[in-house]
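This structure is a prediction, so every number in the text was calculated from the model and none was measured. For the single chain, residues carry numbers from 1 onward in sequence order.
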Amino acid sequence: MESPGDPEGPRPPGGDDALETAREPSRRLSREQLFTLISAASINLGSSMCYSILGPFFPKEAEKKGASNTVIGMIFGCYAVFDLLSSLVFGKYLVHIGAKFVFIAGMFVSGGVTILFGLLDQVPDGPVFIAMCFLVRVADAVSFSAAITASFSILAKAFPNNMATVLGSLEIFSGLGMVLGPPLGGFLYQTFGYKMPFIFLGCVVLLLVPLNMCTLPNYEADPGEHSFWKLITLPKILLLAFVINSLSSGFGFLDPTLSLFVSEKFNLPAGHVGLVFLGLSLCYAISSPLFGLLSDKMPHLRKWLLVFGNVITAGCYMLLGPVPILHIKGQLWLLVLVLVINGISAGMSIIPTFPEILSCAYENGFEEGLSTLGLVSGLYGAAWSTGAFVGPTLGGFLYGKIGFEWAAAIQGLLPLTSGLAMGLYYLLEHSRKRRTKPQDILSTEEEQRTLLPNEICVNPGLI
């Protein structure tokens, strides 16, 4: 029988060599993990393509239908509001409903709603068109929120020790969707008209539903005792949510504004406008797996990736226009270069946030299981969605009032503030840990001095 103090449990015959051999298979992906990755990759690809396809042509199409820049920004932004609300709901009740059912149902509804979006050009101009845009966009938000929240929870359950690496790797598919969405949408729009981009993507998403029904594992779990309120009231998690919020608002800001700015300033057609988005999306997709691997291998670097990534991102938004006070002439090559750097810095900042929130939750007494994973996934989605609402809504309003250059500079203040606040928190945390270590050592020494006489009395032969 093994010693109760042996943390490794039963050892295979043959000593350490046999133990290492026994551990070999765990380094490879199991069948269940592989299917989980395929399912998560499919929803990342589908959701990012459906979200990004609007950028190159929808703002102009909506203007023709009587929507102002502010209203267009709100149409983009309402997606995030209902994504926020539904993320909290699905995160809380994911265990009760079932993660696999939530994932499949969300994907099915989102495919049908995407097709409906392609029929909005038949709706009368003015308030009716605007109302239908909001309605369809809300349904799309709720459905994709269900699938993404369930996906995050299932991934964290399947890969408890490599979450950052897995998230970073899956961002390849998110980035690929962001890369393919704008140019594909612009091409289909120019060639076949308004309907075709939405019908094509909606059918692709619907075709992925039976694939996921067959491959996605089904995890069962009991409801937990903790709530969103306890999670969000932890100071570190509140700051991490602000970081996620500021970064997602930056991406959301570009959706309704960048295409209009590039079209007006550089006279590019819709197809070429989609290529401008390529620098941001492609570099984000390439850099994310690298930062995910670095985050898992060296967890102590996560904090500095977060801080410096946010500061660099803030600088990128100052140079997008560029802001007039810099007296730098705006050129297309400079805009593309800044988007490339922004894609890398965004990956540096975003990827470490989920494992940081998860580790903080465990450190504060949250049980390890699908219930906590659902709460963290819902919180992550809610924080991202809040920024995704603020970004396009505020961006559309500021673009119409003060122009793209100043609007982008104001947007850059959000990641700058969150990065500096996070850096200050980490410095205070480090200082607090350094102060508590000597106290722990002192208390240990006092305990030893107190116990030493008793040991001498009990064992006089040791003197």
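What you find for G292 and I351 is that their closest heavy atoms are CA-CG2, 3.5 Å. Contact record, G347 with S287: CA-OG, 4.2 Å, taken as the closest heavy-atom pair. Taking both residues in full, the closest heavy atoms of S248 and G387 are given as OG-CA, 3.2 Å, listed atom of the first, atom of the second, then distance. Considering all non-hydrogen atoms of both residues, A314 and G412 come closest at CB-O, 3.2 Å. Nearest heavy atoms, Y425 versus L239: CB-CD1, 3.5 Å. For V243 against S246, the heavy-atom pair with the smallest separation is O-OG, 2.8 Å.
At most 12 non-hydrogen atoms from other residues, nucleotides or ligands lie less than 6.0 angstrom from CZ of F397. Counted within 6.0 Å of OH on Y426, heavy atoms from surrounding residues, nucleotides or ligands total more than 12; the atom is thus considered enclosed. Heavy-atom contacts from other residues, nucleotides or ligands closer than 6.0 Å to CZ of F108 number 12 or fewer.
No side-chain heavy atom of L319 sits less than 4.5 Å from a side-chain heavy atom of L337. Between F261 and E405 there is a side-chain heavy-atom pair separated by less than 4.5 Å. No side-chain heavy atom of V311 sits less than 4.5 Å from a side-chain heavy atom of P415. Using a 4.5 Å heavy-atom threshold, the side chains of V89 and L85 count as separate. Taking 4.5 Å as the limit, every side-chain heavy atom of F144 sits out of range of all side-chain heavy atoms of V113. Side-chain contact between L305 and S349 is absent, with no heavy-atom pair separated by less than 4.5 Å. The side-chain heavy atoms of P355 and R302, taken from C-beta on, include a pair separated by under 4.5 Å. Residues L120 and F129 meet the side-chain proximity criterion, which asks for heavy atoms closer than 4.5 Å.
Ring to ring, Y284 and F251 are close: their centroids are under 6.0 angstrom apart.
A distance-only check finds a donor-acceptor pair linking the side chain of K65 to the backbone of V123 [under 3.5 Å]. Looking only at distances, no side-chain donor or acceptor of S151 sits under 3.5 Å from a matching main-chain atom of A147. A donor-acceptor pair under 3.5 Å is absent between the side-chain atoms of S431 and the main chain of L427, judged by distance alone. Judged purely by atom type and a 3.5 angstrom limit, K236 has no side-chain atom pairing as donor or acceptor with the backbone of C360. Side-chain atoms of Y317 come within 3.5 Å of backbone atoms of G250 as a donor-acceptor pair (strictly under, hydrogens ignored). Looking only at distances, a side-chain donor or acceptor of N310 sits under 3.5 Å from a matching main-chain atom of L306.
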Can L398 and W406 be said to form a side chain to side chain contact (heavy atoms under 4.5 Å, CB included), step by step?
-> CA-CA 8 Å; L398 291 177; W406 281 109; over 6 Å; no
Check the pair F117 / D140 against side chain to side chain contact (heavy atoms under 4.5 Å, CB included), numbers first and verdict last.
-> CA-CA 9 Å; F117 211 101; D140 199 20; 5.8 Å; no
Before giving the answer on side chain to side chain contact (heavy atoms under 4.5 Å, CB included), spell out for S249 and Q411 the whole-Å C-alpha distance, their side-chain angles and the decisive distance to 0.1 Å.
-> CA-CA 8 Å; S249 69; Q411 173 59 45; 2.8 Å; yes
Mind running side chain to side chain contact (heavy atoms under 4.5 Å, CB included) on L240 and Y380 for me, showing each step along the way?
-> CA-CA 9 Å; L240 287 167; Y380 185 94; over 6 Å; no
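In summary, the side chains of S418 and N245 do not present any donor paired with an acceptor at a separation below 3.5 Å, with no hydrogens or angles considered.
None of V336, L254, V340, L258 except one satisfies the side-chain contact (heavy atoms from CB on, under 4.5 Å) rule with L280; the exception is L254. Remark: of the listed residues M196, Q190, K195, M196 is the sole one forming a side-chain contact (heavy atoms from CB on, under 4.5 Å) with F192.
Expressed to the nearest 0.5 Å, how far CG of N44 lies from CG of L155 amounts to 8.0 Å. Taking CD1 of I38 as the reference point, atom CG of L211 lies at 7.0 Å (rounded to 0.5 Å). One distance of note links CG of L231 with CG of L379; it measures 5.0 Å at 0.5 Å rounding. Between the CZ atom in F35 and the CG atom in N212 there is a gap of 11.5 Å [rounded to 0.5 Å]. Note that the CG atom of L301 and the CZ atom of F291 stand 11.0 Å from one another [nearest 0.5 Å]. Atoms CE and CG, from M318 and L326 in turn, are 8.5 Å apart once rounded to the nearest 0.5 Å.
Between E356 and K303 there is no salt bridge, since none of the side-chain N atoms of the basic residue sits less than 4.0 Å from a carboxylate O of the acidic one.
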